[in-house]
2 protein chains.
Amino acid sequence: MEETTWRPVRGTRVSEEVIEQIREAFFGGLQPGDWLGTETELAERFGVSRITIRDAVRTLEARGIVDVKVGARGGLRIAEADQDRFIDALAVQLHLLGVTFTEVIEAQCAIEPLTASMAARQATDEQLRRVAATITAANEVIGDPAAFTERSLDFHIAVAEASGNRALHATLIAFTTVQKPKMAPRANERRARRVVKIHEEIYQAIADGDEERARTLMDDHVRSVRREHPETPLL
Amino acid sequence: MEETTWRPVRGTRVSEEVIEQIREAFFGGLQPGDWLGTETELAERFGVSRITIRDAVRTLEARGIVDVKVGARGGLRIAEADQDRFIDALAVQLHLLGVTFTEVIEAQCAIEPLTASMAARQATDEQLRRVAATITAANEVIGDPAAFTERSLDFHIAVAEASGNRALHATLIAFTTVQKPKMAPRANERRARRVVKIHEEIYQAIADGDEERARTLMDDHVRSVRREHPETPLL
DNA sequence: GAAAATTTGTTCGTATGTATC
DNA sequence: CGATACATACGAACAAATTTT
């Protein structure tokens, strides 16, 4: 309920101290859903004002460490995992670094053949079903470049998910998110049909459990996408 | 100076609206160091109180989008790239997901052979020098497991940097950071000497511009590290 | 180097909207 | 539906840090 004892704080940016203590408690074993208290309670316990606590809470929330709810039985809890927040952080950093589209594609060339072969080895039926669903979905909007691009990238993400490796999955989501805006203009219908065909082949290899073929097909596929896009700044 | 025009806002969590607008402007082309205004100015422009702006600022700061400075000519600016924030975001995410050490190593198995071969193709003299420096540094602390692990991982990061791909570089930094704590205990001196020898071979292949050899050596190296570590939760 | 100006950091008090009981 | 618990938001003020004068 409330075994954790907070040290009273004083220093430059008191809210930083609050953040640090809650962060330590988080990495010290707090689990998603664990109750932290209300803003008023925390203000009293840390010996600071409610506004200082709010500063800390906003930061912790942005980092994905806590969730905030209003109303009775509201207050602060340890957050559930939320990939969006991690993805946003990666997107921001890639933007600041001025990373190019080519760099992101190259990174995908490294990752995706492996996710495909891992998926072929160990994808569950549910995961396979989801991969197949992304192909169907993309096929339905084959004439709409923006929509097709979006759902086509979903295929790659679904394959990564089927790999069973959450580190690769999260990383790939981040990469596809950042490159999405640059892909759309080139997804004309002829190209789109070819992409669907290749996705289907890759899916079949994965479903057949043919690791080597899945790896090779995905490798060719990602490399061809890379060739089709000229060197451009990403953002 | 101030061409960006902010829409006035109203809705649930007004600060979210402020965050979204500044975020859009950020991805819309604002550059690191660009001036956004003071908290008071933004409060007036958005038509909200300064406290609401502060909520937004704390979130934007945590996401790595803005930097805040106090004093005359202080206020909000677009942030410089800061890898630490990205790394922290990834660490939080992996903690919440309960990702295993093995998953992270697997991800490295996908990425590092490519960084090695890319480095062999295009590393600058300066980058090569830095790779060599990490080997020397690791060799100097070969009896100290924690220090050796740290500098040994620096080798992998230096190779990724030498690849010239910042997306891979940033990703690898994050991965090595979260796995560091689990690696240290296993870096006994015998193992350490073997690692140094392999790192030297990889460096030589990169310096010789032998892409294929660099790729193969790195592949073997990462896979052997993977074999040596049992399946364990990362955190 | 000291004083003034600027700007965030922090506090208190209060009002309002919203979710739960 | 009313009461309660809680975050959200506003305003006014002073403290502390930093740059300019």
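Here the structure is a predicted model, which means the values were calculated and not measured. Computed from heavy atoms alone, side chains included, the values below leave out hydrogens, waters and symmetry copies. So you know, we letter chains A, B, ... as the sequences are listed, proteins then strands, and number each from 1.
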Legend entry - Candidates dT6(C), dA9(D), dC10(D) - which lies nearest the side chain of Val14(B): dA9(D)
Inset, instruction - Please report, rounded to the nearest Å, how far the C1' atom of dA12(D) is from the CD atom of Glu39(B). - result: 16 Å
Legend entry - Residue pair Asp55(B) / Arg58(A): nearest heavy atoms and the distance that separates them: OD2-NH1, 3.5 Å
Inset, instruction - Could you state the atom-to-atom distance from CD of Glu44(A) to C1' of dC12(C) in whole Å? - result: 14 Å
Legend entry - Protein-nucleotide distance (Glu17(A), atom CD; dG9(C), atom P), rounded to Å: 16 Å
Inset, instruction - Return no unless some side-chain N or O of Arg54(B) is found under 4.0 Å from OP1 or OP2 of dG9(C). - result: yes
Inset, instruction - Give a yes-or-no answer on whether the side chains of Thr100(B) and Glu103(B) include a donor-acceptor pair shorter than 3.5 Å. - result: yes
Legend entry - Arg13(B) side chain, from C-beta outward: closest of dA9(D), dA5(D), dT19(D): dA9(D)
Inset, instruction - Report the C-alpha separation of Asp154(A) and Arg151(A) in whole Å, then their side-chain angles, then the decisive distance to 0.1 Å, and conclude whether the salt bridge (charged side-chain N to carboxylate O under 4.0 Å, His left out) test is met. - result: CA-CA 5 Å; Asp154(A) 286 343; Arg151(A) 306 200 186 174; over 6 Å; no
Legend entry - Nearest-nucleotide 5' precedence on DNA chain C, Val70(A) against Ser49(A): Ser49(A)
Legend entry - Nearest-nucleotide 5' precedence on DNA chain C, Ile51(A) against Gly74(B): Gly74(B)
Inset, instruction - Spell out yes or no: do the side chain of Arg50(B) and the base of dG9(C) have one donor N/O and one acceptor N/O closer than 3.5 Å? - result: yes
Inset, instruction - Check whether any side-chain N or O of Ser15(A) sits under 4.0 Å from OP1 or OP2 of dT10(C), and answer yes or no. - result: yes
Inset, instruction - Select one nucleotide: of dA5(C), dT10(C), dT8(C), the one nearest the side-chain heavy atoms of Asp55(A). - result: dT10(C)
Legend entry - Shortest side-chain distance from Thr38(A), nucleotide among dC10(D), dA7(D), dT10(C): dA7(D)
Legend entry - salt bridge (charged side-chain N to carboxylate O under 4.0 Å, His left out) evaluation trace for Arg77(B) with Asp34(B): CA-CA 5 Å; Arg77(B) 288 187 171 73; Asp34(B) 281 359; over 6 Å; no
Legend entry - side-chain N/O Arg73(B) vs dT6(C) OP1/OP2, d < 4.0 Å: no
Inset, instruction - Please name the residue in the list His156(B), Arg226(B), Gln179(B) that meets the side-chain hydrogen bond (donor to acceptor under 3.5 Å, both in side chains) test with Gln108(B). - result: Gln179(B)
Legend entry - Thr52(B) side-chain N/O to dT8(D) phosphate OP1/OP2 under 4.0 Å: no
Inset, instruction - Return the value, rounded to whole Å, for the distance between atom NZ of Lys69(B) and atom P of dT8(C). - result: 12 Å
